[in-house]
Amino acid sequence: MFNLILFGPPGSGKGTQSVNIVSTYQLQHISTGEILRDEERRKTPLGLEAKKYSDQGILVPDEVVIGMISSRIDEKPDARGFIFDGFPRTKAQAEALDKLLEFRNTRIHLVLALEVPEKELIERLVKRGATSGRTDDSEAVITKRIKEYHTKTEPLAGYYSAQGKLERVKGDHTIEETFKLLTKQIDKYILPA
């Protein structure tokens with residue numbers, strides 16, 4: 001089983017590249033945002049627990065999110081591997097994910113960090129906001145989200161770098177060129193399905 005984390009600031013292309021990676025390597029996509037919405041919609045015990053927090057505008061505690069990720073992994077026992085999108089976001093979450101995977105006799109093999117200059121991130125997201133209608137794609141909100149990413153999530157780079165798992169990839173090329181750079185790293189561990 002091959003497990004990959006894809007991370008980068010808002011607008012770096014994580015969503016687009018995750019779709020390409022899933023399609024090419026036949027990995028299961030685990031997006032914490034999608035899981036939370038699905039668990040709440042299905043009214044699972046974890047979903048009902050998460051809803052208590054989200055209804056109050058409070059972040060869902062790590063142990064609830066880890067429980068949901070554990071359930072998703074258990075639902076796919078024959079998976080070729082997983083790509084984690086939007087998780088982990090903190091060192092505590094990374095350590096919890098490591099324990100969860102270790103319990104299942106697997107681990108995170110590779111962490112790909114998409115790097116895009118801040119000016120381009122803002123341009124991409126403002127453009128997306130103009131066509132998508134997303135209210136969180138205003139320049140002021142975008143700048144705040146990028147700053148929060150650098151403060152809270154970027155420190156994970158050090159955590160995974162110390163384990164020899166981090167590869168930084170320039171994400172300011174075309175979608176196709178960036179994908180080629182990503183596959184160059186992934187192919188060291190697993191070949192396309």
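As the structure is a computational prediction, the values presented were derived from the model and not from experiment.
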For this session: With side-chain hydrogen bond (donor to acceptor under 3.5 Å, both in side chains) as the test, would you mind laying out the steps for Lys14 and Gln17 before giving the verdict?
Result: CA-CA 5 Å; Lys14 292 183 304 293; Gln17 296 301 342; over 6 Å; no
Exercise. Would you say the side-chain atoms of Ser71 pair up with the backbone N or O of Gly67, donor to acceptor, closer than 3.5 Å?
Worked result: yes
For this session: Apply side-chain contact (heavy atoms from CB on, under 4.5 Å) to the pair Val111 and Glu167, showing each step before the final yes or no.
Result: CA-CA 6 Å; Val111 178; Glu167 293 293 340; over 6 Å; no
Exercise. Rounded to the nearest 0.5 Å, what separation is found between the CG atom of Asn3 and the CG atom of Leu110?
Worked result: 10.5 Å
Problem set entry | Test: Lys52 and Glu49 ion pair at under 4.0 Å | yes
Exercise. So does Lys165 have more than 12 non-hydrogen atoms from other groups sitting under 6.0 Å from NZ?
Worked result: yes
Exercise. How far apart are the closest heavy atoms of Leu101 and Arg107, and which atoms are they?
Worked result: CD1-C, 3.8 Å
Exercise. Is there a side-chain contact between Ile66 and Lys99 (heavy atoms, below 4.5 Å)?
Worked result: no
Exercise. If Ile, Leu, Val, Met, Phe, Trp and Tyr residues are connected whenever their side-chain heavy atoms lie under 4.5 Å apart, and connections chain through other members, are Met68 and Phe82 in the same group?
Worked result: yes
Exercise. So which heavy atom on Ala92 is nearest to which on Asp62, and how close?
Worked result: CB-OD2, 4.2 Å
Seminar exercise, completed: Residues Ile83 and Ser18: closest non-hydrogen pair is CD1-OG, 3.9 Å
For this session: Decide whether Tyr25 and Asn20 meet the rule of one side-chain donor and one side-chain acceptor closer than 3.5 Å.
Result: no
For this session: Identify whether the distance between the nearest side-chain nitrogen and carboxylate oxygen of Glu120 and Arg124 falls below 4.0 Å.
Result: yes
For this session: Go through the steps for Glu34 and His29 under the test side-chain contact (heavy atoms from CB on, under 4.5 Å), then give the verdict.
Result: CA-CA 10 Å; Glu34 289 174 15; His29 185 230; 4.1 Å; yes
Exercise. Any link between Ile21 and Val116 through a network of hydrophobic side chains (Ile, Leu, Val, Met, Phe, Trp, Tyr) touching at under 4.5 Å?
Worked result: no
Exercise. Passes side-chain hydrogen bond (donor to acceptor under 3.5 Å, both in side chains), Ser70 versus Arg104? Steps please.
Worked result: CA-CA 10 Å; Ser70 179; Arg104 287 168 174 75; 2.6 Å; yes
For this session: Check for a donor-acceptor pair, side chain of Ser23 on one end and backbone N or O of Val19 on the other, with a separation under 3.5 Å.
Result: no
Exercise. Hey, are the side chains of Phe87 and Ile30 touching, using non-hydrogen atoms and a 4.5 Å cut-off?
Worked result: no
For this session: Considering only NZ, NE, NH1 and NH2 on the basic side and carboxylate oxygens on the acidic side, decide whether Glu39 and Arg42 come within less than 4.0 Å.
Result: yes
Exercise. From Leu27 CG over to Lys76 NZ, what is the distance, rounded to the nearest 0.5 angstrom?
Worked result: 12.5 Å
Exercise. Can you find a pair of side-chain heavy atoms, one from Leu112 and one from Ile5, that are under 4.5 Å apart?
Worked result: no
For this session: Would you check if Arg128 and Leu125 make a side-chain contact, meaning some heavy-atom pair closer than 4.5 Å?
Result: yes
Exercise. Is Arg168 paired with Glu115 through a side-chain N to carboxylate O contact shorter than 4.0 Å?
Worked result: yes
Exercise. Side chains of Tyr159 and Asp98: is there a donor and an acceptor less than 3.5 Å apart?
Worked result: yes
Exercise. Would a 4.5 Å heavy-atom cut-off, applied to side chains only, mark Thr106 and Phe2 as touching?
Worked result: no
Problem set entry | Closest approach of Leu46 to Val64 (non-hydrogen atoms, all atoms of both residues) | O-CG1, 4.0 Å
Exercise. Any sub-3.5 Å donor-acceptor pair from Gln93's side-chain atoms to Arg89's backbone N or O?
Worked result: yes
Seminar exercise, completed: Smallest heavy-atom separation, Gln185 atom then Lys188 atom, equals OE1-NZ, 3.0 Å
Exercise. Are more than 12 heavy atoms from other residues, nucleotides or ligands located less than 6.0 Å from atom CZ of Arg72?
Worked result: yes
Seminar exercise, completed: In short, Leu97 meets Pro88 closest at the heavy-atom pair CD2-CD, 4.0 Å
